[in-house]
Amino acid sequence: MYALVDAVAFYASAEKVFDPAIRSKPVVVLTNNDGCVCAVCPIARRLNIPKFGPYFKVKQLLEQNNVVVRSSNYELYANLSDRMMSVIGRFCDTQHIYSIDESFLHFSGYENVVKDWHTYGHLIRRTVWRETKLPVGVGFGPTPTLAKAANHAAKKLTGFDGVAVINDEASRRAILQRMDCQDVWGIGKRLAKKLKIMNINTAWQLAQQNPKTMRRAFSVVVERTVSELNGLVCLNWDDVRQDKREIYSTRSFGERIYEPTALKTALINHVTIVGKKLRAQKSLAKQLYIFASSSSHEDVFYKKSYMYQFSMPTNDTCVMANAVSEVFEKIYQPGVRFYKCGVGALELTAEQFQQSDLFAPQQDNPKLMGCLDAINTRYGKGMLGLASSKLNDRWHMNRDFLSPQYTTRWRDIPKIKCDL
DNA sequence: TCTGGGGTCCTAGGACCC
DNA sequence: TCTGGGGTCCTAGGACCC
């Protein structure tokens with residue numbers, strides 16, 4: 001049995017944790033630079049605000065309805081996510097954290113431990129709420145895709161109250177018949193449209209298709225989805241949590257930038273993030289993709305990228321920063337209103353298989369990187385970094401509606417007034 | 001006045017080579 | 001006169017997810 005546990009509108013719910021005054025109000029959270037709406041709490045959902053629609057287009061609607069608007073407070077969300085995940089992890093000995101607010105649980109050998117999945121799901125929900133004040137939905141199913149479907153039912157369909165279980169033919173049918181294809185994990189807008197033409201509208205109808213036919217018509221991914229909907233596990237536990245094959249860090253700027261130093265500083269910061277993620281996964285990159293662009297909404301769209309080949313795979317931030325410096329002139333062009341940039345690590349290999357090269361000019365320094373990571377873990381990120389990442393930080397994001405970092409910054413810790 | 005997220009995986013198609 | 005393959009590498013962009 002698999003379970004998928006995730007938070008209801010996580011970012012919006014996280015904003016409510018330390019601010020009880022807004023718990024009964026409609027709340028939305030914006031993406032980086034306050035660009036789009038990315039989380040809509042259940043109360044605000046009634047206003048039909050499009051998720052990932054640009055903020056400026058719904059600003060008026062939000063104001064008219066007294067919706068509380070917040071910028072993304074990643075420091076807060078990351079910390080609350082850690083707390084939530086550790087509570088959920090107590091309910092199963094194999095947990096896989098799939099995203100900031102979702103985790104899969106794999107129950108193997110629990111037949112005699114858990115008598116009733118509904119009761120167990122409600123226990124998880126109650127415990128997470130009591131200990132973190134975050135509302136979660138819990139879905140159980142015999143495959144990861146069915147657990148996802150049950151989770152969807154738990155949160156979106158009437159009559160489920162936060163927990164749904166697919167554990168026999170009747171429950172599978174009841175839930176899949178009430179779900180659109182597009183609500184199935186792995187079926188997006190485009191595929192749903194094509195399926196509709198074939199007169200496949202509900203998840204149940206999709207499950208009735210022949211997997212081999214679906215493979216021919218679409219891809220192996222759709223074939224697997226259909227099989228999973230029928231209770232055949234295709235995404236095994238190792239697949240679900242296998243290492244990433246690409247690691248990116250990209251970001252748009254708070255304001256357009258023109259200066260080379262500012263752009264270069266931003267790129268070095270991205271390299272720092274990618275390096276850290278690579279080392280966390282114990283991977284090395286053979287290639288580094290480096291790009292910068294103007295806005296795609298601009299009349300003339302400018303984008304330049306460069307694929308850097310390392311002489312041997314690396315996860316050393318200094319080596320990667322040198323690569324950025326080396327190719328920077330090929331990417332920067334004076335006069336361009338730069339809007340976005342980033343780097344990606346590609347062609348990843350495992351650290352344990354590193355082949356050293358006596359004559360390589362490239363100098364990796366794993367000890368230095370280990371020390372860097374240890375210091376930043378201990379004293380907060382950004383405590384120790386490359387000088388070139390601090391030269392000019394005019395490119396920082398806009399976060400006009402930011403809440404305090406209640407749990408990660410001393411001066412933001414909530415104070416309780418006590419008049420005796 | 002201006003404003004439009006970020007990450008990962010996959011594939012079609014172009015360029016180049018023999 | 002008419003015809004002309006296959007592999008590799010790289011890139012841009014599609015598709016999906018949260």
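In what follows, chains carry the letters A, B, and so on, assigned in the order in which the sequence lines appear, proteins first and then strands, with residues in each chain numbered from 1.
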message: Could you check, using the six-membered ring where one of them is a Trp, whether A:Y302 and A:F338 have ring centers closer than 6.0 angstrom?
response: yes
- prompt: Going by atom types only, do A:S283 and A:Q281 share a side-chain donor-acceptor pair under 3.5 Å?
  reply: yes
query: Is A:D183 salt-bridged to A:K156, cutoff N-O under 4.0 Å?
result: no
message: Considering every strand and a 4.0 Å limit on heavy-atom distances, what is the contact class for A:D101: base, sugar-phosphate, or nothing?
response: sugar-phosphate
- request: For this output row, return yes or no: ring centroids of A:Y2 and A:W185 closer than 6.0 angstrom.
  value: no
message: Could you check whether A:F91 and A:W117 have their ring centres less than 6.0 Å apart?
response: no
- request: Would you mind classifying the nucleic acid contact of A:Y55 as base, sugar-phosphate or nothing, using non-hydrogen atoms under 4.0 angstrom?
  value: nothing
message: Using a 4.0 Å heavy-atom cut-off, does A:V184 contact any base of the nucleic acid, only the sugar-phosphate backbone, or nothing at all?
response: sugar-phosphate
field: Contact residues, residues 297-327 of chain A to DNA chain C [heavy atom, < 4.0 Å]
entry: A:S305, A:M307, A:Q309
statement: Of A:S295 and A:T250, the one whose closest nucleotide on DNA chain B sits nearer the 5' end is A:S295
message: Show me the dot-bracket string of DNA chain B, counting Watson-Crick or G-U pairs under 3.5 Å, with | for pairs to another strand and [ ] for crossing ones.
response: ....||||||||||||||
- prompt: Is atom CD of A:Q60 surrounded by more than 12 heavy atoms (other residues, nucleotides or ligands) closer than 6.0 Å?
  reply: no
task: Determine whether more than 12 heavy atoms belonging to other residues, nucleotides or ligands lie under 6.0 Å from atom CZ of A:R190.
output: no
query: Using atom C1' of each nucleotide, how far apart are C:dG4 and B:dC18 to the nearest Å?
result: 14 Å
query: Strictly by modelled atom types, are A:T408 and A:N79 linked by a side-chain donor-acceptor pair under 3.5 Å?
result: no
- request: Give one of base, sugar-phosphate or nothing for A:C36, where a contact means two heavy atoms less than 4.0 Å apart.
  value: sugar-phosphate
Outermost DNA chain B nucleotides near chain A [under 4.0 Å, heavy atoms]: B:dT3 to B:dC10
message: Under 4.0 Å, counting only non-hydrogen atoms across every strand here, what does A:S72 touch: a base, just sugar-phosphate, or nothing?
response: nothing
- prompt: Reckon A:I187 touches a base, only the sugar-phosphate, or nothing at all at heavy-atom distances under 4.0 Å?
  reply: sugar-phosphate
query: If you draw a 6.0 Å radius around NZ in A:K276, do more than 12 non-hydrogen atoms from other residues or ligands fall strictly inside?
result: no
message: Quick test of your reading of the model: are A:K133 and A:E15 salt-bridged, counting only N-O distances below 4.0 Å?
response: no
- prompt: Hey, which of these two, A:E246 or A:Y339, hits DNA chain B nearer its 5' end, going by closest nucleotide?
  reply: A:Y339
- request: Assess the side chains of A:E228 and A:T225: does a donor N or O sit below 3.5 Å from an acceptor N or O?
  value: no
query: Which part of the nucleic acid, if any, lies within contact of A:L30, taking any heavy atom under 4.0 Å across all strands shown: a base, the sugar-phosphate backbone alone, or nothing?
result: nothing
